[in-house]
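To start, the structure itself, in structure tokens.
Reckoned from all heavy atoms, side chains included, excluding hydrogens, waters and symmetry mates. Below, chains carry the letters A, B, ... as their sequence lines are ordered, and counting in each starts from 1.
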Amino acid sequence: MPEKPYDPQTIELKWQERWLQDPDLYKPLEDLSRPKFYVLEMLPYPSGTLHIGHVRNYAIGDALARYKWMRGFSVLHPMGWDAFGLPAENAAIANKRDPYEWTMSNIENMKRQHRRMGFSYDWSREIATCQPDYYRWNQWFFLKMLEKGLAYRKKALVNWCPECGTVLANEQVVNGCCWRHDGVSVEQRDLEQWFLRITAYADELLNDIGNLEGHWPERVLTMQRNWIGRSEGAEVDFTLEGTETRIRVFTTRIDTIYGATAVILAPGHPVTAGLLDDNGKAVAKGMIDSLASKGPGDIEKEGFFTGHYAMNPFNGAMVPIWVGNFVLMGYGTGAIMAVPGHDERDFEFCKQYGIAIAPVIWPESGDEPAVPFLEYGVLHDSGEYSGLASEEARRVMAAKAKADGFGKAAITYRLKDWGISRQRYWGTPIPVMHCPNDGIVPVPESDLPVVLPLGIEITGKGRSPLVHVPEFMNVKCPKCGGDARRESDTMDTFVDSSWYFYRYCDAHNSTAPFDSAKIAYWFPIDQYIGGVEHAILHLIYSRFWTKMMRDLGLITNDEPTTRLFTQGMVIKEGAKMSKSKGNIVSADSMIEKYGADVGRVFELFAAPPEKEMDWTDAGAEGSMRFLGRVYRFVTRNADQVRLNQGELTDADRKVLRKLHQTLRKITEDFESRWHFNTSIAAIMELVNELYAQESNLSGTVLTEVLEKLVLMIEPFAPYLAEEMWEEMGRKGPVFKQPWPAFDPELAREAEADVVIQVNGKVRGRISVGFGADKEHLREKALAEPKVQPFLDGKKVLTVIVVPDKLVNIVVK
RNA sequence: GGCGAAGUGGCGGAACUGGCAGACGCACCAGACUCAAAAUCUGGCGAAGUUCACUCUUCGUGUGGGUUCGACCCCCACCUUCGCCACCA
């Protein structure tokens, strides 16, 4: 049969059309009689076009899903469609379209693009988290949390992005700036906001990291540990001189308390208001403002004496009360005891302002410590505790504080409760109302969902536009029947992404967020694939949400996903691909130029998937050449009617060996490493070998080679595989064929190639049968002519033999 | 400043458990085919030296030390790059 030229566009269009006519053919990768496998990838926004950065993420997951399916797993392989708010909102405004409708039409567009890329996910699972249907369940969860005290409203200093015109959670502030707006400093505002009590799960979130060890990337776990930031210590009350007012401080080193020479308050600490005159208040305010405007790292320590003193409850000492800009209101109690003898920051501050320095911990050696002495040691000048070791003193003194009612052992977290209020139009409305008589009243469950009013003017700036919509805002209180106002805040869109993958399992359920039995079958997710940028955002929120749902009795798994894989970004010409840089390559233009298969293969071939990958057009050309070589070889040999069906030739044996070695390598790569770049390299080697041996191959071997080659390449280049399968006269679809097994016997080399080294340098090599004994190898090596010059006149000290691998002769 | 990861040809990257460094591809060079070009096929391609030639030798995985018969791989110190956190008491 004459070979055919490789024309990816024609091939791919043909199969797209066929698959469109028979959507079932490409859809239900779910079969409950099989073992389960759930792959999930995160998708950013539906508002833009699919670009090659997304394609790579999906190609990684899609190749895996296809492999698993062929191995007999029932695969649920959805790709997330979170309608994150702002981009969709802005796009809708710009296009004067209804936002719901706009988002849904974007999703249709995304579906088309995914289909063109040949991704094999379950279409029936699609959800958009912006739909009223999804709002209902967000609101339902919110009410449950409200009932359990896991959702609450309080006035607090919160992060405000002037560009977004909304509040942000701590996790969404990056280097003091909004995560969406590089270089826009976040302001601190004192506002009434809704919070979810994620800190109730701080300990569990931290401890369970141990269970993820080995299955999640280490750096993600480290980031989560740091973010949760547990520290064990004690709280102690210092009493304001001449009053009963207590100032509570948090310390991890209660053993150093006899060395406390000051109490330092954060500028925003509530007690400061009572202590300071107008001038002092102004200075404190100035500190807060200047802190907000400065980036981290370039803040100089500053402070001033309040003129007041406080009493150390352990020894009755009166110490001055200062205000210091380095004390954070948001951590611990917002007040510290300054122990300059044993803390670097306190030392720096006290030295600067001439505050006394009193060392009270001495090293084990008994030498006087050089201040600041930061290690544990033995207590000195500490009253009845003198002579105790630091570790013991920490316990004993915390117990004493508790017994005498002026403190206790305490644990502090860096993690704060999750502020979910947003002053945006776009997002799930928080389902409560404010009644003058009854206060905060939840919307009755039967009235859910509270949906957003449509067709309103959206400015994208300032307060939520909902405030100006009377039909939305004015309601009757369900308790007293009087006039009430709706909550105008909407939920953070990270609420949506915290559980959307659960909804995928039962996307059209109208009586519950999902059927627990379905979740029990699919969860936890076997494999999650997403960007590392979500390490302390989405990936911590979704862990929290899972534990919360478990405690509501809806699910039984403790973690959302067993394994996490963080893929590397796609960059172009050394720069991260982004719309603002204008360097994105859209999937459409890539398909037009090279075809979807070429794009997929190149993105997997260029670098291992966890690494960054540089997109170059030249590289894509290379993958195009490779797929062309495959296609031409298969088409010109597809009839495979050859004579010499009898004895296998040398070429046959060689090719068979290579085939099974390749198959073994790819199978192993899929099972463990996911280094698809080496998988594809192995197929390239096989194809090179096929070209070299082509004229000498017999028909039977050719048949086996073609079949397995097509099956092997299917997860990477599905359209090409389908087309070649048809050329060979086989019935498709290829991805429903079982994954071929390799034969270890055929994969084995005929003879072992044993390297002979002299003093660790390669001097020759011999071929011997496998399993040759050590003595035999030793003799053969010593007799090898090529090594003789290196043994000449030298004494053989020892010979190290590694069977089937190498012989190292050590001489002097 | 703290924690973590990484440094291999002109480039992307291989080398999986301490055992042949540079698989595979890109770029480049040469040859075949062609009137010619493209496409395709074949060969070459770390550096220096060496042979008429098949070859062979030495050096070579950021730098300096160490462990080992043997180190890209393990240990110590340093340099560089990237990532995260950054006064967390």
Under 4.0 Å between a side-chain N or O of [X] and OP1 or OP2 of [N]?
X: A/R414; N: B/rC87; answer: no
X: A/K611; N: B/rG13; answer: yes
X: A/S231; N: B/rA89; answer: yes
X: A/R673; N: B/rA15; answer: yes
X: A/R629; N: B/rC41; answer: yes
X: A/R625; N: B/rC26; answer: yes

Choose from [options] the nucleotide whose nearest atom is closest to any side-chain atom of [X].
X: A/I800; options: B/rC69, B/rG25, B/rA89; answer: B/rC69
X: A/T252; options: B/rC3, B/rA89, B/rG25; answer: B/rA89
X: A/A618; options: B/rC87, B/rG13, B/rA27; answer: B/rA27
X: A/R632; options: B/rA89, B/rU40, B/rG13; answer: B/rU40
X: A/P608; options: B/rA14, B/rC24, B/rA89; answer: B/rA14
X: A/L806; options: B/rG19, B/rG13, B/rC69; answer: B/rG19
X: A/N688; options: B/rA23, B/rG25, B/rC87; answer: B/rG25
X: A/R763; options: B/rU57, B/rA14, B/rC69; answer: B/rU57
X: A/V755; options: B/rC41, B/rC24, B/rC20; answer: B/rC20

| field | Under-3.5 Å donor-acceptor pair between A/Q757 side chain and B/rG19 base | value | yes
| Side-chain donor/acceptor contact of A/N226 with base of B/rC85 under 3.5 Å | no
| Is the A/F676-A/F670 ring centre distance short of 6.0 angstrom? | yes
Rounded to the Å, how far apart are [X] [atom1] and [N] [atom2]?
X: A/Y331; N: B/rA86; atom1: OH; atom2: C1'; answer: 13 Å
X: A/W615; N: B/rC11; atom1: CH2; atom2: P; answer: 22 Å
X: A/E621; N: B/rC28; atom1: CD; atom2: P; answer: 12 Å
X: A/M613; N: B/rG25; atom1: CE; atom2: C1'; answer: 12 Å
X: A/Y631; N: B/rU40; atom1: OH; atom2: P; answer: 16 Å
X: A/M223; N: B/rG2; atom1: CE; atom2: C1'; answer: 15 Å
X: A/E610; N: B/rC82; atom1: CD; atom2: C1'; answer: 15 Å
X: A/F676; N: B/rA23; atom1: CZ; atom2: P; answer: 23 Å

Look through every strand shown and name the nucleotide pairing with [N] as Watson-Crick or G-U wobble, where both distances are under 3.5 Å.
N: B/rG31; answer: B/rC41
N: B/rC3; answer: B/rG83
N: B/rC74; answer: B/rG66

| request: Report the distance from atom CG of A/L206 to atom CD of A/Q224, rounding to the nearest 0.5 Å. | output: 9.5 Å
| query | Looking at OG of A/S623 and CE of A/M684, how far apart are the two atoms once the value is rounded to the nearest 0.5 Å? | reply | 5.5 Å
| said: Using the side chain to side chain contact (heavy atoms under 4.5 Å, CB included) definition, which of the options A/V263, A/D346, A/T251 pairs with A/I336? | reply: A/D346
| said: Using the P atom as the point on both nucleotides, what is the distance between B/rC84 and B/rG65, in whole Å? | reply: 36 Å
Look at all strands and tell whether [X] reaches a base, only sugar-phosphate, or nothing, counting heavy atoms closer than 4.0 Å.
X: A/G332; answer: nothing
X: A/V327; answer: base
X: A/T251; answer: sugar-phosphate
X: A/K665; answer: base

| Counting N and O atoms only, with roles assigned by atom type, does the side chain of A/S382 sit under 3.5 Å from a partner on the main chain of A/L379, one being a donor and the other an acceptor? | no
| So, does A/R394 use its side chain to make a donor-acceptor pair with the main chain of A/T252 at under 3.5 Å? | yes
| query | If anything within 90° of 0 is syn and all else is anti, what is B/rG9? | reply | syn
| Earlier contact from the 5' end, RNA chain B, for A/M337 and A/I680 | A/I680
| request: Select from A/Y691 and A/A682 the residue whose nearest nucleotide in RNA chain B is closer to the 5' end of that strand. | output: A/A682
| Pair A/R56-A/E603, salt bridge (charged side-chain N to carboxylate O under 4.0 Å, His left out): steps then yes or no | CA-CA 6 Å; A/R56 182 157 190 254; A/E603 296 200 58; 5.0 Å; no
| A/D203-A/Y413 side chain donor-acceptor pair, cut-off 3.5 Å | yes
